[in-house]
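Please read the structure below before turning to the comments.
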Protein chains: 2
Amino acid sequence: MTRTLNDSLAHAEPGSQVTLQGWVHRRRELASVTFLVLRDRTGLAQVVVAPGTPVPPEETTVEVTGTATANPQAPGGVEVTAPTITLLTEPAETPPVELWRPTLDTSLPTLLDHAPVTWRHPAQRARWELAAASLRGFRATLDAAGFTEVQSPKFVESATESGSNVFEVDYFGRPAYLAQSPQFYKQQLVGVFERVYEVGPVFRAEPHDTVRHLAEYVSLDVELGFVRDHRDVLAVLRDVVAGMADGVRRWAAAAIKRLGVEVPVVPEEIPVIGFADALRLVGAPEDEPDLAPEHEREIGAWAKAEHGSDLVAVEGYPMAKRPFYTHPWSRDDAAAPPRPTGHAGWSNSFDLLFRGLELVTGGQRLHRPGDYDAALRARGEDPADYAAYLQAFRHGMPPHGGFAIGLERWTARLVEAANVREVTLFPRDLHRLTP
Amino acid sequence: MTRTLNDSLAHAEPGSQVTLQGWVHRRRELASVTFLVLRDRTGLAQVVVAPGTPVPPEETTVEVTGTATANPQAPGGVEVTAPTITLLTEPAETPPVELWRPTLDTSLPTLLDHAPVTWRHPAQRARWELAAASLRGFRATLDAAGFTEVQSPKFVESATESGSNVFEVDYFGRPAYLAQSPQFYKQQLVGVFERVYEVGPVFRAEPHDTVRHLAEYVSLDVELGFVRDHRDVLAVLRDVVAGMADGVRRWAAAAIKRLGVEVPVVPEEIPVIGFADALRLVGAPEDEPDLAPEHEREIGAWAKAEHGSDLVAVEGYPMAKRPFYTHPWSRDDAAAPPRPTGHAGWSNSFDLLFRGLELVTGGQRLHRPGDYDAALRARGEDPADYAAYLQAFRHGMPPHGGFAIGLERWTARLVEAANVREVTLFPRDLHRLTP
């Protein structure tokens, strides 16, 4: 037998025999007829069953062989009549939520506790389809721009390399740590490939219990060499976000439609506001070292009103709030859009806000070995503790920079989910290690 | 200024000013002239420097502005003369190995200890280019075949889920474990998407100290639903390996040439030999439960001689050597090629050998909840310990199967590296956690 996928049933010749496979999405017993709605990866199909014929319970996997019959009321205009239904497994237990209802109306704990089943709901599944299409758009953009995909190790020797809140592992009897980011490795690999990217899990042991933090998330990391400053990095970020939006439009059109998602139109140039100007805009004191979430929302609203853009970059964050490898402010061209008023103490770094929420952090990094030694010593650290990392710089590195996008935050903003857990297949946090 | 990449220098108009950026690959001081060979991500370029002009040490990053000048002896037929050389960083320290020599002749410890620098050698770098192109081919094949990319969690709650040799993590004060594979998650997600794949790190705490084991490696995982048996899985594996080989040919042509790699031609159908027949072929006792590495080499040689194929699948391994979720042997069609003589005790599983080395393990899995309960109990395990995993099956799963390819093993066979560490960017093993 050749399987007909549900979305191809519309093209079946009326009167021909077809075989479908999938899940019993819904049983509907009417007075004179029973409908079996079958779900497969491509969509739904309607099967007409004679009254009194037993139909397996919802979610049971079945094979249905029958006659393709025109019916304008059926999905795609064709349904299956006179079916033979073969069970492919035991009759399924009743699902924890009714998957056939148009919307998945359930509490977050139920959604997460029963993730292997709740992800089957077409609306929930559509959320991940957006994430998968975004990953595809991300890679397609970078592959076309001369980037090389890399895979860096998740076990690292030193906790200092990754900051303080790291997970400790028993590594063959000695301590090791899980990488908080591929930062050090992607920089070293700029020395090899010039332009690299990585998609992979990162691990954060901060005991945050918020709607936007996870103990493990998918980081989309990019790093590139031979930049003038962070604006070159921002230009690549612009293309990457545009590529992710295009990916969604191209490969997840059905999911967009189902969820009513408004995919952002990414302008040719993302509006940039200097950190000091951003503080002024939101009326914050000029010595504030960072932007609060409500400030980010205000700046997002400003970008939408002023520039018609869902995206806005804030550049020139204070050095004190950025990691030691951050490059200090170096731009002095008067032609640049609004920029910090002072140079000392500002950095060549940026955050990208998407609809008023921080989505990306990036910037230019130091690349001279002497600057690394000085930056580490200024923070009371010993460069010798970073010897493995610093060898790349001692042996010649170009000016470079990069950024990291959190996949879950991107998807959450796209579908306007209140909590990143709603768009994570199997979230891990302070309290949750299962399913 | 607009940067000219080295591989575009050949197209520069003779006499025009060009600006190159890269690493000083080599300084060659002759009696009458000094050559600076510049390396960037696209290749090498020759710069002619007046005698006596200082040239920065090898590996220093520089910007070179000069005149494009035809010279049949130069790479691409064009070199740069009358250059201005600007250092982009401090003069580089002498590299641990001479990166400009055509072959990287060094010991494995030196190669690995100085990985951030040794990967810069064009021959070493070419090895990773093959890996990256393979990943691209892997995804392109599956994207085109209706698969959805997924990202599963690396933290798992239970050690039993992953087998015995797992890494333990301090997870906010309680124990968690690192996933040995995405097996359980990719199966659950077949219930959602039917066809899924994942590329990501897996963690193995077996204290192996061999040329083919790592504590962390990149696993290319695939799982698909609505299969008849493992032969349907093998057909997808065939297309995936062919897609990886095509990816290498398409996106790593320069690396193939540099390394003299023979990319396998994947036959339309991979030859299959039954496990019992394989034992007979190599003259092993018929009650052997597994194939030894020398047996695999013999079977690889047989496939090459008999079928002209670098790839051969061995099917029907004894159930006793396979995980509890393995589906027992179910084929009884007389038309099938050589197959195990007995059914009881054999499995619907296979290994794929690539040039005589195990590259892939795969097969059909159980899908009926009752079969899982029985299989676990038969191994002395309590199904309740697997409740989160088993809920997918209780709520309806299709017949399904899948496989996992180890990226490092694939690349190692491709370049005929004796040790998987030679093709891993930053390997992690019993002894090594750095760089």
Side-chain angles (χ1 to χ4, degrees), chain A residues 21 23 41 59-61 88-90 92-93 95 116-117 119-120 125 132 135-136 143 146 148-155 157 167-172 176 185 188 191-194 200-201 207 216 218 226 367-370 388 391-392 394-399 425-426 428 430 433-435, chain B residues 21 23 41 59-61 88-90 92-93 95 116-117 119-120 125 132 135-136 143 146 148-155 157 167-172 176 185 188 191-194 200-201 207 216 218 226 367-370 388 391-392 394-399 425-426 428 430 433-435:
Chain A
Q21 293 180 324
W23 287 261
R41 70 176 189 269
E59 292 310 303
T60 307
T61 49
L88 298 176
T89 184
E90 298 158 26
E93 290 180 12
V117 182
W119 274 108
R120 296 183 187 181
R125 182 194 145 125
L135 289 175
R136 211 169 151 186
D143 287 340
T148 301
E149 177 177 0
V150 297
Q151 298 276 340
S152 70
K154 304 310 161 202
F155 286 128
E157 187 172 47
F167 288 106
E168 187 175 321
V169 186
D170 173 2
Y171 192 81
F172 301 114
Y185 291 99
Q188 294 172 45
V192 178
F193 302 104
E194 283 190 32
E216 177 185 346
V218 178
F226 300 105
H367 67 282
R368 294 170 188 270
Q391 67 175 308
R394 303 203 193 288
H395 292 292
M397 277 284 283
L425 287 174
F426 297 96
R428 294 293 182 257
L430 202 48
L433 253 176
T434 182
Chain B
Q21 293 180 324
W23 287 260
R41 70 175 189 269
E59 293 310 302
T60 307
T61 48
L88 297 176
T89 183
E90 298 158 25
E93 290 180 12
V117 182
W119 274 108
R120 296 183 186 181
R125 182 194 145 125
L135 290 175
R136 211 169 151 186
D143 286 341
T148 301
E149 177 177 359
V150 297
Q151 298 276 339
S152 69
K154 304 310 159 202
F155 286 127
E157 187 172 46
F167 288 105
E168 186 175 322
V169 186
D170 173 3
Y171 191 81
F172 301 114
Y185 292 100
Q188 293 172 46
V192 178
F193 302 104
E194 282 190 32
E216 176 185 346
V218 178
F226 299 104
H367 67 282
R368 294 170 188 270
Q391 67 175 307
R394 304 205 192 287
H395 293 291
M397 278 284 284
L425 287 173
F426 297 96
R428 294 292 182 257
L430 202 49
L433 253 176
T434 182

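If you're wondering where the values come from, they're calculated on a predicted model, not measured in any experiment. Proteins get letters first, then strands, A, B, ... in listed order; numbering begins at 1 in each.
With rounding to the nearest 0.5 angstrom, the CZ atom of A:Arg368 is 5.5 Å from the OG1 atom of B:Thr89. Summarising the geometry, atom CD belonging to A:Glu194 is positioned 10.5 Å from atom OG1 belonging to B:Thr61; distances are rounded to the nearest 0.5 Å. Taken from NE2 in B:His395 to CZ in A:Arg120, the straight-line distance is 8.0 Å, to the nearest 0.5 Å.
With chain B as partner, the option from A:Ala92, A:Pro399, A:Ser152, A:Pro369 having the largest number of non-hydrogen pairs under 4.5 angstrom is A:Pro369. Between chain A and the options B:Glu168, B:Gln188, B:His367, B:Glu90, heavy-atom pairs under 4.5 Å are most frequent for B:Glu90. Contact count versus chain B (heavy atoms, under 4.5 Å) is highest, among A:Arg428, A:Met397, A:Arg136, A:Glu59, for A:Arg428. Of the residues considered (A:Val218, A:Thr60, A:Val169, A:Asp143), A:Asp143 shows the highest number of contacts with chain B, using heavy-atom pairs under 4.5 Å. Annotation: maximal heavy-atom pairing with chain B below 4.5 Å, among A:Gly200, A:Pro95, A:Pro207, A:Pro153, occurs at A:Pro153.
Closest approach of B:Ala176 and A:Leu433 over heavy atoms only: CB-CD1, 3.8 Å. A:Pro398 and B:Trp23 make their closest contact through CD-CZ2, 3.7 Å (heavy atoms, listed as atom of the first residue, atom of the second, distance).
B:Glu216 meets the salt bridge (Lys or Arg N to Asp or Glu O under 4.0 Å) test with no other residue; sequence neighbours excluded. Checked against side chain to side chain contact (heavy atoms under 4.5 Å, CB included), B:Thr148 has the following partners two or more places apart in sequence or in another chain: A:Trp128, A:Ala132, B:Phe193.
Contact check for B:Pro435 versus A:Tyr185: no side-chain heavy atoms found under the 4.5 Å cut-off.
Ring geometry, B:Tyr171 versus A:Phe167: the interplanar angle falls under 30°, so the pair is classed parallel (tilted spans 30 to 60°).
Only the side chain of A:Leu425 comes within contact range of chain B, judged by heavy atoms closer than 4.5 Å.
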